[in-house]
Amino acid sequence: NENLAKYDAIIIGVRAYNTQDWLAANQELLLNYVKNGGNLIVQYQTQAFYGTVKTKDLGPYPLSIGRGRVTDENAAVTFLQKDHSILNTPNKITQKDFEGWIQERGLYFGDKYSDKYTPILAMNDEGEEPLEGSLLVTKYGKGNYVFTGLSLFRQLPAGVPGAYRLMSNLISLGK
């Protein structure tokens with residue numbers, strides 16, 4: 001854990017918990033990193049393909065992944081926690097940050113989760129109910145745990161400025 005303490009944030013890639021046994025074997029180490037002040041960002045995982053998530057405790061509190069997704073890259077985004085630091089520090093996130101997204105807003109959102117998680121955004125495809133599991137955050141010990149189903153893995157390589165601004169906020173959380 002001392003080796004991890006030097007990192008401001010650790011970002012877990014998409015489907016990593018579906019394919020990497022070593023990651024699941026080190027989940028306790030990662031959660032201790034958070035407890036001691038670290039910032040863990042877990043990008044989307046799936047229970048639909050590539051087997052199941054290889055750890056029973058994806059987060060520090062109960063969290064299960066559904067099949068919820070928003071495929072309209074222009075779908076409206078509602079800010080549920082306008083004052084949360086994820087939307088304000090170091091960048092003030094606005095509707096403009098969700099312009100120019102490609103292919104989709106996100107997929108495999110958290111669908112059942114402890115009330116210790118705070119949903120930050122809501123969004124939906126036309127004619128569907130709003131989904132609130134695209135960006136979840138919880139304080140755990142001295143640190144922060146983030147789960148996001150937002151398709152940042154598509155937006156960052158595409159050079160979408162708002163995705164970079166949001167990712168900067170996620171990395172800076174609590175700093």
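Just so it is clear, the structure is predicted and the values come from calculations on it, not from any experiment. All heavy atoms count here, side chains included; hydrogens, waters and symmetry mates do not.
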Glu73: partners by side-chain hydrogen bond (donor to acceptor under 3.5 Å, both in side chains), with sequence neighbours left out = none
inquiry  = Whether the Asn39 and Asn144 side chains hold a donor-acceptor pair (N or O, under 3.5 Å, no angle test) is what I'd like checked.
reply    =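 No, no side-chain donor-acceptor contact under 3.5 Å.
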inquiry  = Testing the 3.5 Å rule here: is there a donor-acceptor pair between the side chains of Tyr17 and Gln27?
reply    = yes
Transitive ILVMFWY side-chain link [X] to [Y], under 4.5 Å:
X      : Y      : answer
Leu29  : Val42  : yes
Leu40  : Phe153 : yes
Val146 : Tyr7   : no
Met123 : Val160 : yes
Tyr164 : Val14  : no

Is there a side-chain contact between [X] and [Y] in this structure, where contact means two heavy atoms from C-beta onward sitting under 4.5 Å apart?
X      : Y      : value
Phe147 : Tyr113 : no
Gln95  : Val77  : yes
Leu30  : Leu4   : yes
Tyr117 : Ser114 : yes
Thr118 : Gln81  : yes
Asp72  : Trp101 : no
Tyr44  : Thr148 : no
Ile12  : Gln43  : no

ask   = Out of Ile93, Leu121, Leu166, which one pairs with Ile86 under the side chain to side chain contact (heavy atoms under 4.5 Å, CB included) rule?
value = Leu166
How long is the straight-line distance from [atom2] of [Y] back to [atom1] of [X], given to the nearest 0.5 Å?
X      : Y      : atom1 : atom2 : answer
Arg67  : Ile65  : CZ    : CD1   : 12.0 Å
Arg165 : Thr94  : CZ    : OG1   : 6.5 Å
Arg105 : Arg154 : CZ    : CZ    : 14.0 Å

task = Determine yes or no for a side-chain-to-main-chain donor-acceptor pair under 3.5 angstrom, with Gln155 supplying the side chain and Ser151 the backbone.
result = yes
query = For the side chain of Asn88 and the backbone of Lys92, is there at least one donor-acceptor N/O pair under 3.5 Å apart?
reply = no
Tabulate below the donor-acceptor pairs under 3.5 Å that side-chain atoms of residues 130-142 make, not counting sequence neighbours, or state none.
unit_1: Thr138; atom_1: OG1; unit_2: Lys116; atom_2: O; d: 2.9
unit_1: Lys139; atom_1: NZ; unit_2: Lys142; atom_2: O; d: 3.2

Minimum heavy-atom separation for [X] and [Y], please, with both atom names.
X     : Y      : answer
Leu31 : Tyr145 : CD2-CD1, 4.4 Å
Ser85 : Asn169 : O-ND2, 4.1 Å
Leu23 : Ala16  : CD2-CB, 3.6 Å
Ile41 : Ala9   : CD1-CB, 4.4 Å
Gln45 : Leu58  : CG-CD1, 4.3 Å
Gly66 : Asp111 : CA-OD2, 3.3 Å

